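Proteins come first, then strands; the chains are lettered A, B, ... in the order of their sequence lines, and each starts at number 1. Note that the structure is a prediction, hence the values are computed from the model and not measured. Hydrogens, waters and symmetry mates play no part in the numbers below; they use all other heavy atoms, side chains included.
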Number of protein chains: 4
Amino acid sequence: MSESAKKRPGRPRSIESDRAILQATIDLLIEVGFTHMSIDAIAARAGVGKSTIYRRYSSKEELIADAIESLREELVIPDTGSFWGDIDSLIESAAQLTLNPLGKQTVAMIISTALTNPQFAQMYWRKYLQPRRQAFAIVLERGKQRGELQADANSDLFFDTISSIMLYASVFPPNAESWGTYVRRVLDFLFRDKMPNGLTNSG
Amino acid sequence: MSESAKKRPGRPRSIESDRAILQATIDLLIEVGFTHMSIDAIAARAGVGKSTIYRRYSSKEELIADAIESLREELVIPDTGSFWGDIDSLIESAAQLTLNPLGKQTVAMIISTALTNPQFAQMYWRKYLQPRRQAFAIVLERGKQRGELQADANSDLFFDTISSIMLYASVFPPNAESWGTYVRRVLDFLFRDKMPNGLTNSG
Amino acid sequence: MSESAKKRPGRPRSIESDRAILQATIDLLIEVGFTHMSIDAIAARAGVGKSTIYRRYSSKEELIADAIESLREELVIPDTGSFWGDIDSLIESAAQLTLNPLGKQTVAMIISTALTNPQFAQMYWRKYLQPRRQAFAIVLERGKQRGELQADANSDLFFDTISSIMLYASVFPPNAESWGTYVRRVLDFLFRDKMPNGLTNSG
Amino acid sequence: MSESAKKRPGRPRSIESDRAILQATIDLLIEVGFTHMSIDAIAARAGVGKSTIYRRYSSKEELIADAIESLREELVIPDTGSFWGDIDSLIESAAQLTLNPLGKQTVAMIISTALTNPQFAQMYWRKYLQPRRQAFAIVLERGKQRGELQADANSDLFFDTISSIMLYASVFPPNAESWGTYVRRVLDFLFRDKMPNGLTNSG
DNA sequence: CGGTAAGCGAGACGGTACGTCGCGTCTTAAG
DNA sequence: CTTAAGACGCGACGTACCGTCTCGCTTACCG
């Protein structure tokens, strides 16, 4: 890691520029969206030369991937005292991330890049989803110990299912009810039977 | 009730050009992908002037949406004799549609357009998913009558769940097993308990 | 079937369309000029189909040539009683033809077509300038008979010189005096000595 | 007094590109003419991007005006020892400039632009004709001092007349004699009487 | 402490694709 | 057989970005 860290000659790269580039990228992503965003516009908004961007990122896609990466929330593991309360908390924070314009752009970008570029999909999976999947195992384990869940409940499939529903509901938003209500209703439908005591929707 | 189809004056638009444009679009979508496909190239390949394209579609996006629309399969309702056999059949045909390069491009295009443009999402839902959801109700009903399913199984949520899983598995392909195997495994996990006799994975 | 046509069969060409096409052409020539005038616009303005124009004229140039042709004044030979009075009258009518926007466009069109296309130049010369040159011979002859001019004055060169000056003054308008005043001043300079009694500028 | 020549930031415009663009423009003007010349073709021939052209010129017309400007000959004042010899020399060099295809295109362009656009006419007059008119005053002055001309000969009108005749003869070339012969004949006709000793046409 | 090497804002560069417009031709139905 | 309407193939237009390449300057460090 320390490989030539400080011994590179010449002027070091400006941290201020790093920051300004990412901020301008995010701003424009929100304002005009991925497609209509130009590198020239980012450079102008950031008060930076284009070469300063291209020195850091070799393409528009890479820049945007990094900008989104920089936004990512800290991974927090909810602990409300009940399994369903934890799920509710996860739904709530997913809703906050996803249901604003930037969130939609972000999801669109990730999905369409992932579908086009398998390497990106894998990278994203490894760096973002995998940790959350593992964190979810903890939530599920606590549920088991509280006797809220059957002992053989599969954490990974549980997580994937929740993620699937959320993604689907983001792409095709239900028009009769809210995103969160719909997501809860589907999960209720799927998992009610897996809860020894049934399950109370907190909607 | 004819929608003024033939009373417009002047030379009618060429159906042959319609067809050639869509075919060229699909060919190039497969060969070079959405991003690297140019209208000029489509026009050249179709043996058509650019204006003939722009007379029909006001942008690249619109053209591609229509090209994809034109590809869509006839809606077929499987009837294999068992509910799980029908599901298998649905998974199989979804796999065929989705797992080739064009299919991925198509899904990417639909998802990212849908996330960006809610009207498109709604239109797509109404014209494509809704009919399939209704067709699925028939499959499920047959399962109930055969006693394979609980009488209260909710067809819509069932369908949405299956769709969700498939979408998710398309975006983030499992790396240890095949797409179809993974999809079946998740459905098995979710619905096994809803089958009075249990359920035998045909994998 | 066997009935042979005595007259030309089919619908005769519309004289009204002939007229409307030329009028629309002239109007647009004045309003937007040769370069920015489109056949589509002429057809629309004339309330006529494009093919109706192309049945009559094989190109934009031909149409405009005919439109200009249709505008041309009757050839009138002035007879004011004095040679210089006649010249004044010619200058006056040339000014009226030339110094409005249409006139300038017309001159521009004629000159640039003539320079590009020798056949047009020759045609224009033969059909327009030649007759006026011959008419001028009459004016000059009357001047000789009145003793206003030397007996050996060459009518053709006289005419050409006057035309030359007028053309030059149209292209590079004098900025200190009016077109007509300038033209008269040059002619005075050139021809004063050729008048036995000198010459009185009527300016 | 330096016009901020070198203090503009950023990469300076390439002089090599300037040159290549003008050369390609002139080449194509000669080969295919004004109307059939495309900016794309100029860019390709010059080995330059279209934007490099449009950064310098906002339209085809402006580019061609500059290309022609760049061709213009050095102003040379003939001094053959006799006034008529000097005139002959002027006619000769005008003929060389004017009577080839490029020359005709050039004249056509100048005339038709001048008639359409008074600012261009004035600019052209000021930058091209005015200096030549002043140079001609020197030629005429020498003629006076040699006693070849009357002392009151007006240099400006003299020059304008010569220019007029030349322009007219370019637009409507005489068909019985050469351009030069015709021009000389008209000048002979007009100015013979202004020469104390008469004048000998060198034709 | 002065040289050297990289980074910097600015902006021009060769390209590619865009969506528009005009040309002159072709195809309808109506007259 | 012409007409009005308008679609057609073609090809140029001028614009917008791409990712690269100079410019003339900082800004560090290293000898």
Side-chain angles (χ1 to χ4, degrees), chain A residues 6-14 16-17 36-44 46-60, chain B residues 6-14 16-17 35-41 43-44 46-60, chain C residues 5 8-14 16-17 35-41 43-44 46-60, chain D residues 6-14 16-17 35-44 46-60:
Chain A
K6 278 281 145 195
K7 64 181 181 177
R8 271 222 312 260
R11 178 175 173 176
R13 292 194 182 165
S14 158
E16 184 49 33
S17 291
H36 303 97
M37 177 175 40
S38 75
I39 297 286
D40 285 84
I42 293 171
V48 138
K50 269 205 294 181
S51 46
T52 301
I53 294 177
Y54 279 106
R55 201 171 290 114
R56 290 162 168 72
Y57 306 100
S58 65
S59 70
K60 198 176 168 180
Chain B
K6 276 283 145 197
K7 58 187 191 176
R8 278 219 313 253
R11 178 175 175 176
R13 294 200 179 159
S14 159
E16 184 50 32
S17 291
T35 312
H36 304 96
M37 175 175 40
S38 77
I39 298 284
D40 284 86
V48 138
K50 255 204 301 183
S51 47
T52 299
I53 294 177
Y54 279 106
R55 202 171 291 114
R56 290 163 169 70
Y57 306 100
S58 64
S59 69
K60 199 175 169 180
Chain C
R8 263 229 307 261
R11 177 172 172 177
R13 289 194 183 168
S14 159
E16 185 49 33
S17 291
T35 312
H36 303 96
M37 176 176 39
S38 76
I39 297 286
D40 284 84
V48 136
K50 269 205 293 181
S51 46
T52 301
I53 294 177
Y54 277 106
R55 201 169 292 112
R56 289 162 168 73
Y57 306 99
S58 65
S59 72
K60 196 177 170 181
Chain D
K6 278 281 143 198
K7 57 187 189 177
R8 278 220 311 258
R11 179 175 173 174
R13 294 201 179 159
S14 159
E16 185 50 33
S17 291
T35 312
H36 304 97
M37 174 176 43
S38 76
I39 298 285
D40 284 87
I42 293 171
V48 139
K50 257 206 297 185
S51 47
T52 300
I53 294 178
Y54 279 106
R55 201 171 291 115
R56 290 162 167 72
Y57 306 100
S58 64
S59 70
K60 200 177 168 180

Restricting to non-hydrogen atoms, name the atom on Gly49(C) and the atom on Ala43(C) that form the minimum distance, rounded to 0.1 Å.
C-CB, 4.2 Å
Taking the minimum atom-to-atom distance to the side chain of Arg56(D), which one of dA10(E), dG7(E), dC13(E) wins?
dC13(E)
Strictly under 4.0 angstrom, non-hydrogen atoms only: write out the protein contact profile of nucleotides 16-21 of chain E, one letter per nucleotide from the 5' end, B, S or -.
-SSBB-
With DNA chain F as reference, determine whether Gly47(C) or Ala46(B) sits nearer its 5' end, using the nearest nucleotide of each.
Gly47(C)
Rounded interatomic separation in angstrom, taking CD1 from Ile53(A) and P from dA10(E)
12 Å
Can you tell me if the side-chain N/O atoms of Thr52(D) get under 4.0 Å from OP1 or OP2 in dG14(E)?
yes
Whole Å only: how far is the CD atom of Glu16(B) from the P atom of dC26(E)?
18 Å
Just verifying a value: how many Å separate Ile53(B) CD1 and Asp40(B) CG, rounded to the nearest 0.5 Å?
8.5 Å
Return yes if the base of dC21(F) and the side-chain atoms of Arg11(D) contain a donor-acceptor N/O pair under 3.5 Å, otherwise no.
yes
Sequence neighbours excluded, the answer for side-chain contact (heavy atoms from CB on, under 4.5 Å) partners of Lys60(A) is Ile39(A), Ile64(A)
dG24(F) C1' sits how many Å from Arg8(D) CZ, rounded?
14 Å
Ile42(A) CD1 - dG9(E) C1' separation (whole Å):
16 Å
What's the CZ-P distance between Arg13(A) and dG9(E), to the nearest Å?
12 Å
What is the distance from atom NZ of Lys50(B) to atom OG of Ser38(B), rounded to the nearest 0.5 Å?
8.5 Å
Heavy atoms only: give me the nearest Ser17(A)-Ser14(A) pair and the separation to one decimal.
N-OG, 2.9 Å
Output yes when at least one side-chain N/O atom of Ser14(B) is less than 4.0 Å from OP1 or OP2 of dG9(F), else no.
no
DNA chain E nearest-nucleotide lookup for Arg55(D) and Gly10(A): closer to the 5′ end is Gly10(A)
